[in-house]
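In what follows, a single structure is set out as structure tokens and then discussed.
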Amino acid sequence: MTDERRTDYGPPHYERFLPPIIKENYGKWKYHEVLKPGVMVHVSESGAHLYSVRAASSRLLSIEKIRAYCDLADKYCGGYLRFTSRHNVEFLLSDAKNIDPLIADLKKLGHPVGGLQNSISAIVHTQGWIHCHSAATDASGVVKAVMDDLLEYFTEMKLPGKLRIALACCLNMCGAVHCSDIAILGIHRRPPRVDHENLHKMCEIPNVSASCPTAAIRPAMVGGKQSVEVLEERCMFCANCFTVCPSMPLADPLNDGVSIWVGGKVSNARHEPMFSKLAIPFLPNNPPRWPEVTEAIRNLVELWAKNARKYERMGEWIERIGWPKFFRMSGIEFRKEHIDDFKHAGLTFKRSTHLTF
Amino acid sequence: MTDERRTDYGPPHYERFLPPIIKENYGKWKYHEVLKPGVMVHVSESGAHLYSVRAASSRLLSIEKIRAYCDLADKYCGGYLRFTSRHNVEFLLSDAKNIDPLIADLKKLGHPVGGLQNSISAIVHTQGWIHCHSAATDASGVVKAVMDDLLEYFTEMKLPGKLRIALACCLNMCGAVHCSDIAILGIHRRPPRVDHENLHKMCEIPNVSASCPTAAIRPAMVGGKQSVEVLEERCMFCANCFTVCPSMPLADPLNDGVSIWVGGKVSNARHEPMFSKLAIPFLPNNPPRWPEVTEAIRNLVELWAKNARKYERMGEWIERIGWPKFFRMSGIEFRKEHIDDFKHAGLTFKRSTHLTF
Amino acid sequence: MAESLPKTPMLDELEKGGWPSFVKEIKLAAKKSPMAVDLLGLLERSYKEKIGHWKHGGIVGVMGYGGGVIGRYNDLPEVYPNISHFHTIRVNQPAGWFYKSDALRSICDIWEKRGSSLTNMHGSTGDIILLGTRTEQLEPIFAELSKVDFDLGGSGSDVRTPSCCCGMARCEWACYDTMRTCYDFTMKFQDELHRPAFPYKFKFKFSGCPNDCVASIARADMSIIGTWRDSIQMDKAAVTEYAKNGMDIQSEVVDNCPAKCMDWDGKELHIENSYCRRCMHCINVMPKALRPGKDRGATILLGSKAPIVEGALLSSVLIPFIKMEPPYKELTDIIDRIWELWCEEGKNRERVGEFIQRVGLGNFLEAIEVDPVPEMVAHPRENPYVFYEEYFEAGDEGSEEEEK
Amino acid sequence: MAESLPKTPMLDELEKGGWPSFVKEIKLAAKKSPMAVDLLGLLERSYKEKIGHWKHGGIVGVMGYGGGVIGRYNDLPEVYPNISHFHTIRVNQPAGWFYKSDALRSICDIWEKRGSSLTNMHGSTGDIILLGTRTEQLEPIFAELSKVDFDLGGSGSDVRTPSCCCGMARCEWACYDTMRTCYDFTMKFQDELHRPAFPYKFKFKFSGCPNDCVASIARADMSIIGTWRDSIQMDKAAVTEYAKNGMDIQSEVVDNCPAKCMDWDGKELHIENSYCRRCMHCINVMPKALRPGKDRGATILLGSKAPIVEGALLSSVLIPFIKMEPPYKELTDIIDRIWELWCEEGKNRERVGEFIQRVGLGNFLEAIEVDPVPEMVAHPRENPYVFYEEYFEAGDEGSEEEEK
Ligand code: SRM
Ligand code: SRM
Ligand code: SRM
Ligand code: SRM
Ligand code: SF4
Ligand code: SF4
Ligand code: SF4
Ligand code: SF4
Ligand code: SF4
Ligand code: SF4
Ligand code: SF4
Ligand code: SF4
């Protein structure tokens, strides 16, 4: 490292990227209204009106597309735009007249406008087969298939409340699916196949053993080499061993797939935040369109949409009606897999007679 | 055992003890009404009216008192009476005219009538210093002191809902205080003092070590004798070792005392059953009248009575207002002791921003 | 007849006040019983010293029975010789704690002659507790109890004395016959009740409806709680009557419904029964207007207990709904399978609720041959750690599952 | 310029449909980037084989930094040589993900020259993800990013790139300045962000109000969530207006209040603010009528994370209310003490939330010198297993406590 080398300067200051209307009204917003799908106005104490137009984005973007966004921003709003915490793109307009032309241009570009209020916004997701070594399913492909199917719920606001979908391609849950209305989670179902040949070169055996939460891994000599063996009946496929040691791969075309989770939420609105819970233990990886997954999700969305009360998130609805009723209404088979058997399992047993029949 | 010896014949059949009006209307009761404190009528499909008069009982009864009850039953209701699941005594009358004379006689005998509906019924409790080797406090004495103080709430029905108090004299919780609106729990606070002299004669050392949930006990040679030592900082005074081995007494006049718990319930009415939670970690044993305990309980009862909504049990009320508010309103100091640090502790942390200020 | 009473200034304090006094009871007994006299002295001493004076009991009992007696000795036998032994006898109460005076008197007579004259009516589990006698009295007491048809209750690692709410005898809400079932179960399991052979105790409690007046869900290894499957029975006229008499049906009833399945438009009450959780609240508040449905039975739950040592448990659902009719074969078969499994695989002093948590509810169900249903859980798992027991092998072509 | 595209019949399917297509994006990039071309081929193969083709990454990075780059290699480098290396670079996004087109273009230009032309806008943690480049490009990329003032984000066991909601920039509910705080914290912790020295990762997320639009409570080791201490600001006329326009205030607002602290008599809305839980629902539903109070700040929570391996956690309250004003000294002092403790006593790969559970919240608080308050718990303990650290010794006469 030379002395002159510039490090630790951090990101550019955000003020450089704020349009004048925001700088002027920073912290002075009074209220907002959703004008139509994907379009809202924020009104300031000063009377200023800021129009935001939200468009769907695939998150995986080429620089060509980013440049196209920039062109639109230059054309309609002084070059200012932003991305949301769910990876949509938003254009920040001071002039209401620009809204419709912008929307038209976005549509031309293939980016529908929507995702506000009682709609399904973009799916928070991860790398999948595009980039990660851990993936039990693809990310972008599943997301594309699901959102193609649910598009109407992005472009219209006809749901009882917000519905947030997330996807993570393995149990590391980079997509933070653990608190989503509907979560898609890639899972392995075959214990690691130990690469006895290379393990001793790549990994520290004590670390590998220690990495297993269920103590399924123990040191062993195999074919004259120091390695480990896996007590397969103890494995619950967390892949923590693989994270620690490349010689313990779990990925397997026949057994990998997807599980579906429901009822999580993040916001504190009404109900406290909740974790997602297992709905469908396993669906196959069926590229390119994962039809079993898209169908399962559409069914869940529509069941909720039809039965939930206004503002009631998926988890709030299920909590009101009870899980037995959810299983009966959804037609999902309840199995041993649904019953928790991890650390705090006992706390998930039904310890009352509050039952519906 | 001789052949003729009669065993396994079980309790007498209950039908022998049912008054005719009950036999005739068994399973045919239509509704009931509370006529006044301690008196209710059950009306049958047949039109029959059964009057029940409930009187307080000290549970610890001499045969003289039982005989006195019998006399009253003979006088007013054909000799029929029963006890309740909270150890009150109930007289079962077919003739409404007998109600008031019976009540008068009961009062003379020192047994107030009440405990129905929105009142405080008798305290479920245990043996204490009367009979048990495990006790960290007395049972009957504390109960007497508390109920003397709360008598008005037994004889009148002026509370928002039912309030159930229970007492257990040690963590074994024979009084099942774990689900009471208010619970009084005897606790030790000094680790077992090992009787090294006798331990090897009385107890199996491996059993003693294994009995400790926190692994605080390990085998040791003391004064040339096989015994155990206790890692005092690991002891949380559960007394499981003492249950298994008499040479590990925990009782200690300076450190034993009482803790107060709130917010448990058993019934499924409205809210599902709930465990009691720690309110006051420690109050001293101060016989004969445990004034600190009676005062603390009166304060809790009155705080709840003043602030809860109709039908709202203690725990339902606190759940609505939140624990921080409960601590602020009650003036009870919140301490490290209140924070769970046992197996599922993490699930008791506040994992939302639902806070009051 | 009895000795003069010891000085008990502290206990005397507890003769005052409006609540019935246990001290008065001991003094009543002490008129005739030297044991009660010594108990007064010992208790006063405990009050002064703030410590108990009882030692661990040894194993005492009656012939042929392993349970029913709790041995007890004091640690100052020279000072309190009359209670050097002070064992309690657990006598199995009649179902619902109903008595006729003659039966009670017969117990009093035995206890006057052979014990301390002191009792608990009743113990926390439900037994008649005969409080304090000597070892040599145990056999005679049992013989005399037997003559008046009272048998002993449970203690130790056995079936504990079952208990039940008064149910159909006096309550309009009983969804099954608690007293009969309690009696039948007690009789069926006499052997298990008297001869400890389990890893630990096993308690049954029977409540007729979800109000659970015997605290079954909190205090029984098997909780049998009445419920119904169809709709709440409603008398519309009676609802109107309640409203007319000043009940605020919206705030008192509807707003308290945990299922939010009620609706009151000021005139008619509507219950969306398919969402009703059978909590009892609305029925409790309007007993003249609402009643449990007609298709009645019970929910069976397993596993509640006090905290030692894994933490307290409430019972959890095993069978959401079952008809409770003799001979209860479906249920008793399941009980047999549970006991068999627990006796084989349970650890010493491991209650069935703890056992289930240790082996996993799913595995437990498999072993006792009960299908998992969503009613058993408050919610499905939140963690993704599923133990799949099978996986596809390469040559399978995805068509068949193979055992590993 | 780029090679001809491989046949990708499966991926081509995903060009259809109304949602923006990532396949189109890769193809857009593939017009110029051979890396994108190979990625198409590799991904099509994964779709056919139903398995990924990436290997564990080695340690790659830029000089002086320990984090910011995720190494990645494919397992068929002969077949897909252009992506034999395919490292991602995490670039620290500007707070709130606001951009001006020139800045974005400058990044595109660098990435066109030196990478795959593919990005994620943004990664799940919040970074700009530059998706795929070769080891030898890392230094040049960093140099060029530096020229346009973009620095790297976090990876490995360090502070991860903080993120925040748009807060005061565009939202009327922001209770503190999320973007400023996010920027200030990012700058203050540059060293911790770039040089992994912790037991594991540590994430900050800043949300302006309890709606928590960056999922802070679920995805950050420290969650800073705006709130207020005083009363909700109400514009009564605007409430009336909502009612007039057809909002059913009882069912939409009042009945959904989790604190049950609202009352609507058909004319006036009353909020019993001392019971309000700051859930935001009523404000969300009536933004013109209701607003957070004026005494604003934040609740600080600790410990959320994904499930590996002890189970997922949500953050829990550490400081119920704190004013969020520079230099945030009280808070950063606490952070210092937390890191010091965690670095000393945390196990390898133990997140702070897991660490707290292991050592106990009470002990943790003692060590970081924060007093316990009831806001930290959902409820006090249910089990009676309290570790009292002191007891009275005989000669004390109860007057003094002694250390054991
Ligand atoms: C732009 C964005 C923040 C950002 O800095 O990027 C944002 C912006 C707004 N959020 Fe949000 N939220 C954003 C992500 C979130 C998230 C995080 C997430 O989804 O991962 C949550 C928590 C989700 C959850 O609970 O699982 C979130 C929960 C809310 C809520 C609570 C909704 C509820 O009933 O649970 C509101 C209130 C409302 O909509 O009534 C809200 C309200 C709003 C408002 C109305 C705030 C305002 O006045 O500006 C904004 C427009 C709302 C809308 O989308 O309908 N925002 N909002 C994020 C847009 C993501 C997207 O592209 O869809
Ligand atoms: C006699 C007894 C059953 C027995 O077989 O012994 C009994 C009898 C009745 N109970 Fe009970 N309950 C009895 C113990 C219980 C218990 C168990 C306990 O306290 O340990 C509970 C659970 C308590 C808890 O949740 O912690 C219990 C929870 C109820 C409830 C639910 C109250 C609630 O809102 O949570 C009702 C309904 C009501 O009162 O509206 C109820 C209602 C009734 C009714 C009205 C039923 C009826 O129609 O006959 C009876 C008179 C009520 C009263 O006392 O106000 N009974 N009841 C028990 C009397 C005990 C006593 O002496 O006080
Ligand atoms: C007499 C009674 C208390 C009373 O005054 O009513 C009682 C008394 C004792 N119980 Fe109990 N238990 C009594 C009901 C209970 C209950 C309540 C219930 O059954 O509804 C419980 C809580 C529910 C449960 O079963 O978990 C209870 C939970 C315990 C425990 C803890 C068991 C556990 O698994 O956590 C012990 C400890 C043990 O078994 O070693 C225990 C142990 C004891 C022992 C035998 C003491 C010992 O460590 O060996 C006590 C003998 C006292 C004595 O000398 O008289 N007793 N015990 C109750 C039995 C009376 C009866 O038969 O009617
Ligand atoms: C790129 C990204 C996914 C994405 O497509 O957006 C990502 C990708 C990886 N994450 Fe992640 N995580 C990413 C956000 C998250 C999040 C979400 C968040 O930060 O809000 C989580 C859940 C929240 C949390 O921190 O718990 C997350 C939880 C994990 C975990 C589990 C950590 C745990 O304590 O449970 C791992 C495993 C590990 O650290 O070894 C992990 C590990 C990984 C690794 C480094 C794989 C590994 O095992 O070494 C992935 C590299 C993928 C690749 O090759 O590109 N990633 N990871 C996200 C970072 C982008 C960015 O910087 O903006
Ligand atoms: S969720 Fe798993 S597979 Fe997907 S990006 Fe994260 S670590 Fe990789
Ligand atoms: S996948 Fe998880 S459970 Fe299975 S062997 Fe690896 S670390 Fe253990
Ligand atoms: S609670 Fe403890 S001290 Fe009291 S009777 Fe039961 S075992 Fe004995
Ligand atoms: S009292 Fe409990 S924690 Fe203490 S040594 Fe005995 S068994 Fe262990
Ligand atoms: S449990 Fe139900 S049936 Fe039994 S007495 Fe109580 S209210 Fe009546
Ligand atoms: S029984 Fe309970 S859940 Fe059912 S309608 Fe009545 S109040 Fe609602
Ligand atoms: S978290 Fe609150 S302040 Fe931030 S954008 Fe969302 S609603 Fe606005
Ligand atoms: S913010 Fe939430 S808790 Fe507070 S008054 Fe509004 S709805 Fe009720």
Side-chain angles (χ1 to χ4, degrees), chain A residues 1 6-12 14 17-18 22 26-27 29-31 42 56-67 70 73-74 79-83 85 110-111 129 133 135 140-141 144 147-148 151 172-174 176 178-179 213 240 246 251 253 266-270 273 285 287-288, chain D residues 10 13-14 17-20 22 25 28-29 46-47 50-52 54-56 63-64 92 94-95 97-101 104-105 108 111-112 117 119-121 124 146 149 151 168-169 172 179 186-187 190 210-215 217-219 256 258 279-281 287-288 306 308-309 312 314:
Chain A
M1 210 186 330
R6 190 177 168 223
T7 64
D8 296 18
Y9 45 95
Y14 55 90
F17 303 138
L18 298 181
I22 287 189
Y26 197 89
W29 301 106
K30 212 172 148 202
Y31 68 87
H42 283 79
S57 162
S58 55
R59 192 181 88 122
L60 195 165
L61 293 178
S62 65
I63 53 170
E64 302 304 329
K65 182 56 61 60
I66 298 175
R67 285 170 179 154
C70 289
D74 288 342
Y80 296 98
L81 78 171
R82 74 179 291 264
F83 295 85
S85 64
H111 290 261
W129 293 332
H133 62 292
S140 315
K144 166 75 174 141
M147 285 310 292
D148 277 349
L151 191 63
N172 282 338
M173 290 198 189
C174 301
H178 56 303
C179 297
N240 201 42
V266 165
S267 81
N268 285 277
R270 299 170 308 283
N285 272 333
Chain D
M10 292 184 100
E13 268 300 311
L14 292 175
W19 191 253
F22 72 102
E25 297 297 319
L28 270 178
S46 283
Y47 271 49
K50 304 187 188 177
I51 194 159
W54 300 105
K55 297 199 295 181
H56 260 259
M63 257 193 338
N92 197 141
W97 301 289
F98 282 86
Y99 294 94
K100 198 155 185 260
S101 49
L104 274 180
R105 286 202 169 92
C108 291
W111 199 234
E112 175 160 16
S117 290
T119 72
N120 289 141
M121 296 299 279
S124 210
S146 168
D149 289 338
D151 200 348
M168 292 187 170
E172 67 269 35
M179 301 214 309
T186 306
M187 296 312 288
Q190 280 292 302
N211 281 330
D212 198 1
C213 293
V214 287
I217 203 166
R219 293 160 63 175
N256 277 317
C279 85
M280 291 295 299
H281 175 74
K288 288 187 189 169
I308 301 295
V309 293
L314 287 156

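Sequence lines set the chain letters: A, B, ... in the order given, protein chains first and strands last, and positions in each chain run from 1. Just so you know, these numbers use all the heavy atoms, side chains as well, and skip hydrogens, waters and symmetry mates.
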Which residue out of [options] racks up the most heavy-atom pairs below 4.5 Å with chain D?
options	value
A:Ala251, A:Pro246, A:Pro213	A:Pro246
A:Gly110, A:Ser140, A:Pro273	A:Ser140
A:Met173, A:Arg59, A:Met147, A:His178	A:Arg59
A:Leu61, A:Leu151, A:Val266, A:Ile22	A:Leu61

For this session: Apply the test side chain to side chain contact (heavy atoms under 4.5 Å, CB included) to residues A:Ile66 and D:Glu25: give CA-CA distance (whole Å), side-chain angles for both, the deciding distance (0.1 Å), then the verdict.
Result: CA-CA 10 Å; A:Ile66 298 175; D:Glu25 297 297 319; over 6 Å; no
Problem set entry | Listed partners of D:Glu112 passing salt bridge (charged side-chain N to carboxylate O under 4.0 Å, His left out), at least two apart | A:Arg67, D:Lys32
With a 4.5 Å cut-off on heavy-atom pairs, point out which of [options] contacts chain A the most.
options	value
D:Ala218, D:Cys213, D:Ala95	D:Ala218
D:Leu14, D:Leu314, D:Asn256	D:Leu14
D:Pro94, D:Ala306, D:Cys108	D:Cys108
D:Gly52, D:Cys279, D:Ala312	D:Cys279

Problem set entry | pair D:Met168-D:Met179: side-chain heavy atoms closer than 4.5 Å | no
Exercise. Does some side-chain heavy atom of A:Ser267 sit less than 4.5 Å from a side-chain heavy atom of D:Met280?
Worked result: no
Heavy-atom distance under 4.5 Å to chain A: side chain of [X], backbone, both or neither?
X	value
D:Thr119	both
D:Met121	both
D:Lys288	both
D:Ile217	side chain

Problem set entry | Residues that A:Tyr14 engages under side chain to side chain donor-acceptor pair (under 3.5 Å), provided they are two or more places apart | none
Exercise. Do side-chain atoms of D:Asp151 reach the backbone of A:Pro11 as a donor and acceptor pair under 3.5 angstrom?
Worked result: no
For this session: Applying side chain to side chain contact (heavy atoms under 4.5 Å, CB included), run through A:Lys65 and A:Ser58 and close with a yes or a no.
Result: CA-CA 10 Å; A:Lys65 182 56 61 60; A:Ser58 55; 6.0 Å; no
